[in-house]
Amino acid sequence: MKTAILGPAQRAEALARMAERELDVLVVGSGVVGAGTALDAATRGLCTGLVEARDWASGTSSRSSKLIHGGLRYLEMLDFALVREALKERGLLLQRLAPHLVKPVPFLYPLQHKGWERWYAGSGVALYDGMSVSSGHGRGLPLHRHLSHKRALQVAPCLKKDALVGALQYYDAQMDDARYVATLVRTAAAYGAHVANRARVVGFLREGERVVGARVEDVEGGTEYEIRAQQIVNATGVWTDDTQALIGERGQFHVRASKGIHLVVPKDRIHSTTGLILRTEKSVLFVIPWGRHWIIGTTDTDWDLDKAHPAASSADIDYLLGHVNEVLATPLTRDDVEGVYAGLRPLLAGESDATSKLSREHTVAHPVPGLVVVAGGKYTTYRVMAKDAVDEAVHGLDRRVAECVTEDVPLVGAEGYKALWNARARIAARTGLHVARIEHLLNRYGSLAEELLELVVADPSLGEPLAAADDYLRAEAVYACTHEGARHLDDVLTRRTRISIETFDRGTRSAREVAELMAPALGWDDAQIEKEITHYQKRVEAERESQRQPDDLTADAARLGAPDIVPL
């Protein structure tokens, strides 16, 4: 299989190819479900297209808790089928599909009551582990263990002594959600899918009742394309209802948006060797290890304002700090917060008025001939959602189509990853980079790290770290444009890297260096470099201002003070 390169020339070619001939399947939306659907369709031998109005994973799929998990709390809701399905997918991702991107992560659950709580919570975690093992894909994660009060404080010295009487420790998994989606898109392209970001569907083509294609605007160049397809899959998440409205048809179901916000703090602010899972009055709160940082989240509140840029308010931040400080011996303050991000979960409406009770399960529908809609679900089960969506689309094709094979299709970078990991010291010696840098590259790109190292060989200055964000190499900014489809400074600082949430300056100090690295690959002149930097700075200013506002309405108004993108 040839590794796909997603640079400017490949994007232009993909749009032209999609407009040239009728596709079997056109997928609209490139979050994790849309990208997964494109991969599923392409690996069944279908002529597949994928278009995204903004950037890969620019909505929900870059703003999650970054966990691949079975959903321990769904056991308490007795949703055994959802948990079993998610645990199987977790195992597949860890062992077979993306071992370079999905990693085990431990969590400590503090017990606050003697006797009954250890039995009650312990039974749930034991069932969780048992369901994982019985799925046939539970190898690779340690089983849970019971900890005494003393042992729990040794594992997590950050906890107040009176915040627990003992604890349970169990394992789940995590990934960089935006990087995962970008890798999915590249994998789909490697199997023949035509993919283009910054390509917005502005209308659908109809022949009678049947949807036969879409009108797609190249947001960068302004050209409009007519892309015809036998089947279109609407995988636009929280925008599902908006996309459905373009065909003038009432949807068979509705999607509500639930806002979840997360805080990022430096590693040294919380002294622990394990993540934490804490019960709140509404749901659960996670403290998640994240490289040299911790991610704290999440909230779960109804949101009916701007979907593109959901805003975190001051009240949201206070809520998270208040709850985590209930158990921390040294409380966190606003000054400890490096980054804040807000995302919207697409929930199927109708089961309950409270968003925390809405369904995390997914639904696939065929509202009109030629159009399939997939919505709901959770990140971990994206592959199942994609399979169901393509299965439904296949019903509208007039020929036999192969069954889903994505259970056995590793993502690009997975093949050879373990061998390269074992050879990381030798690679470090060969390249002159520290072994920690090689580990960083392997855990972000897998075996594709060799492509970045080739850039460094050609230009040794690219092997240097970014001056104001030294977790990342300069080569990564270039590679994002030449191989991963990045079109703007925001794409690199927010999604190809996570500099926007991992630095106290929110990436503003890195903006110029990164923009100048991107410029040759994207053909920017000095004026465009300045536009990109100014746009990014305004975005950060608007986000900071929104986070000072008391409620959703004022936070949303403040965030909308910054423009969306900078057209070339």
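We're numbering straight along the sequence, starting at 1. Values below: every heavy atom of this structure, side chains too, minus hydrogens, waters and symmetry copies.
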For the pair Ser313 and Asp316, evaluate side chain to side chain donor-acceptor pair (under 3.5 Å) and give the outcome as yes or no after the intermediate values.
CA-CA 5 Å; Ser313 68; Asp316 292 326; 3.2 Å; yes

Whether Tyr479 and His483 hold their rings parallel, tilted or perpendicular, with breakpoints at 30° and 60°:
parallel

When the ring planes of His262 and Tyr341 are compared, do they come out parallel, tilted or perpendicular, using 30° and 60° as the limits?
parallel

We want to know whether [X] and [Y] form a side-chain donor-acceptor pair, criterion being a heavy-atom distance below 3.5 angstrom.
X	Y	value
Ser62	Arg495	no
Asn443	Tyr417	yes
Arg559	His309	yes
Asp300	Ser258	yes
Gln528	Glu532	yes
Gln549	Glu545	yes

Any sub-3.5 Å donor-acceptor pair from [X]'s side-chain atoms to [Y]'s backbone N or O?
X	Y	value
Thr48	Val25	no
Thr60	Leu344	yes
Asp551	Thr554	yes
Thr183	Arg179	yes

Can we say Arg198 and Asp491 salt-bridge, meaning some charged N sits less than 4.0 Å from an Asp/Glu carboxylate O?
yes

Salt bridge between Arg383 and Glu89, side-chain N to carboxylate O under 4.0 Å?
yes

Partner of Val364 by side chain to side chain contact (heavy atoms under 4.5 Å, CB included), out of Val373, Val372, Val233:
Val372

Go through Leu411 and Tyr180 one step at a time and tell me if the side chain to side chain contact (heavy atoms under 4.5 Å, CB included) criterion holds.
CA-CA 9 Å; Leu411 303 195; Tyr180 191 93; 3.6 Å; yes

